[in-house]
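Everything quoted here is computed from the prediction, not taken from an experiment. Atoms considered below: every heavy atom in the structure, side chains included; atoms not considered: hydrogens, waters and symmetry mates.
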Amino acid sequence: MTTTPTGVPAAVSGSGTPAAVPARGPSRLLHPDPMVRRLARLTLLNCLGNGLSLAVAVLFFTRVLGLSAAQLGFGLTAAGLCGVAASIPAGRAADRWGIRRVLVVLVALEAVGTAGYALVHGYAAFVLLACAVTAADRGSSAVRNALYAEVLPADRRVAGRAYLRVVTNVGMCLGTALGAVVLQVDTRAAYVAAILLDALSFAVVAVLYGRIRLAPPAGAHPGPGTGPAAGAEGAAVGGGRTGGRGPNPALRNGPFLAVTALNAVLCLQFAMLEVGVPLWIVKETQAPRIVVAGTLVVNTVLVVALQVRATRGTERPELAARACGRGGLLLAGSSVVLGLAHGLPAPAAAGVVLAGIALQALGEVLSQAGGWALGYDLAGEGAHGAYQGVFNAGTSAAMMIGPALVSTAVIGYGLTGWAVLGAVFAAAGLAMAPAVRWAARRSARAGAPATA
């Protein structure tokens, strides 16, 4: 780890005095920036609850609530649509009423909604609640991304996001392990307790977000209400209004919309990992079923080990686009390798699948690092909520349609389907560079710098 760079935002003490920033973290495993460490603690707590809930959700909904597989699928699809729709207005609300305030409200709604699952008895109530919880979840994700843009200096945002993503993976793994205990107990009381623990984690996180007092990053462009008189509770971070009126600037920014769409295509890799690969292993290869768990282990270990390192070299938009291109090509190679596992003996099939997942993980860390950088670099500094809301909507759309799209391609068409999927990944990654050049031309015509 390197020492904290100049301009890292300082935590603000209760008296309003910036707290000292240590030159080095207390451990190589801890981030040197105290603000990132604080956000990491929040992320870890939140993901512990999410991992626990994810592990038990399907059995809770089907065995405790009594939903059929078809009912659950329809309800989750409807919820996914609500999640896509919620990201953009949530971002605009953050610009208008303050990022921290909106984030606290959305996370608190997640807490209440998640606890509400324990009280649901009818299918209509389940669908409505799932829609509300998913809308709050995707909206809070967009607002969190805007928060990172406000509290971290521009040259450290992507590295900070990468560190938090590593923490996310660790938290999800620990939560899933706890969920495995609940699955072993296999009682209604255990499932309900798991859901309520997830709700409690949201409630605690909401309180902790509400207690954060931040100094604006050094060199940040001041927005309405963020001048010296605004203090640490500047409107962009804390409570006051910051705009958010009139047309959404992100929806009028063609290059940014193009990057959003291309990033969404690259995010189909998560459906490939979570849905396409397990189905492929079980239905179309001779690999042992335990390889399904092995793919998640390989992916998690490589992402944890490499995600922060992958952000190096994404400091400028053209470099970030190049990282996306390399990531897309690696994802394409991964798709082809996975397709080659069909028809091989069990040991060989298992080895080929794990090799394909290793390529996927390398593509993932590069494409994610490049996508984060472009999502911030091509956005306007005065409207992070609007831009991150639109960017997050693209990711949410990929998460919603990805499972059906990927499973149809790989199960219905085998190696050909994998090859087509790989070509789509490669095309999306390589198209980032022209999109960035378009953004540079647009900024040049407007007489503004190409980056935030």
Side-chain angles (χ1 to χ4, degrees), residues 87-88 91-92 94-95 142 145-146 148-150 152-162 217 219-221 223 236 243-244 246-269 310-329 331 363 365-398 424-452:
S87 294
I88 296 176
R92 291 296 276 166
D95 284 338
N145 292 343
Y148 302 152
E150 291 287 354
L152 298 176
D155 62 344
R156 301 299 296 168
R157 287 172 188 160
V158 177
R161 282 286 303 274
H221 298 290
N248 188 322
L251 295 176
R252 296 181 293 160
N253 187 329
F256 185 83
L257 292 177
V259 167
T260 296
L262 294 172
N263 182 71
V265 172
L266 292 174
C267 284
L268 293 174
Q269 65 182 290
T311 64
R312 299 171 188 170
T314 61
E315 294 81 7
R316 301 196 306 273
E318 64 272 19
L319 298 178
R322 193 176 303 166
C324 287
R326 292 196 298 268
L329 292 175
L331 292 173
V365 296
L366 284 171
S367 61
Q368 287 288 282
W372 295 332
L374 294 175
Y376 288 130
D377 289 344
L378 303 185
E381 280 288 345
H384 284 301
Y387 279 92
Q388 294 307 313
V390 170
F391 200 72
N392 194 74
T395 303
S396 298
V424 169
F425 284 137
L430 295 175
M432 284 293 193
V436 167
R437 290 194 291 271
W438 179 18
R441 293 193 299 269
R442 183 178 186 272
S443 296
R445 287 196 300 269
T451 62

Please step through side-chain contact (heavy atoms from CB on, under 4.5 Å) for the pair Leu374 and Cys324, ending with a clear verdict. CA-CA 10 Å; Leu374 294 175; Cys324 287; 4.3 Å; yes

Please report the closest heavy-atom contact between [X] and [Y], naming both atoms and the distance.
{"X": "Leu152", "Y": "Gly160", "answer": "CD1-CA, 4.3 Å"}
{"X": "Thr314", "Y": "Asp377", "answer": "O-OD2, 4.3 Å"}
{"X": "Leu262", "Y": "Ala435", "answer": "CD1-CB, 4.3 Å"}
{"X": "Leu329", "Y": "Ala426", "answer": "CD2-CB, 4.0 Å"}
{"X": "Ala398", "Y": "Leu268", "answer": "O-CD2, 3.9 Å"}
{"X": "Ala323", "Y": "Leu366", "answer": "O-CB, 3.7 Å"}

With a 4.5 Å heavy-atom cut-off, do Ile88 and Asn248 have their side chains touching?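 In contact.
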
Side-chain contact test, heavy atoms from C-beta onward, threshold under 4.5 Å: evaluate it for Val259 versus Phe391 and give yes or no.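 Answer yes - side chains close enough.
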
Rounded to the nearest 0.5 Å, what separates atom OG1 in Thr260 from atom CD in Gln388?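 If we round to the nearest 0.5 Å, Thr260:OG1 and Gln388:CD are 8.5 Å apart.
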
CZ of Arg326 to CE of Met432: how many Å apart, nearest 0.5 Å? 13.5 Å

I'd like to know if the side chain of Glu150 and the backbone of Tyr148 have a donor-acceptor N/O pair within less than 3.5 Å.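 Answer holds: no.
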
Looking at residues at least two apart in the chain, or sitting in another chain, which of them share a side chain to side chain donor-acceptor pair (under 3.5 Å) with Gln269?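 For Gln269, the residues satisfying side chain to side chain donor-acceptor pair (under 3.5 Å) (neighbours in sequence not counted) are Gln360, Ser367.
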
Using side chain to side chain donor-acceptor pair (under 3.5 Å) as the criterion, list what pairs up with Ser87, not counting sequence neighbours. Asn392

Can you list everything that forms a side-chain contact (heavy atoms from CB on, under 4.5 Å) with [X]? Sequence neighbours excluded, please.
{"X": "Leu257", "value": "Leu251, Val390"}
{"X": "Ala383", "value": "Asp95, Pro249, Ala386, Tyr387"}
{"X": "Arg441", "value": "Arg437, Trp438, Arg445"}
{"X": "Ala159", "value": "Arg156, Thr311"}

Between His384 and Tyr376, what is the ring plane arrangement, given parallel below 30°, perpendicular above 60°, and tilted in between?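 Taking Tyr376 first and then His384, their aromatic rings stand perpendicular (interplane angle over 60°).
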
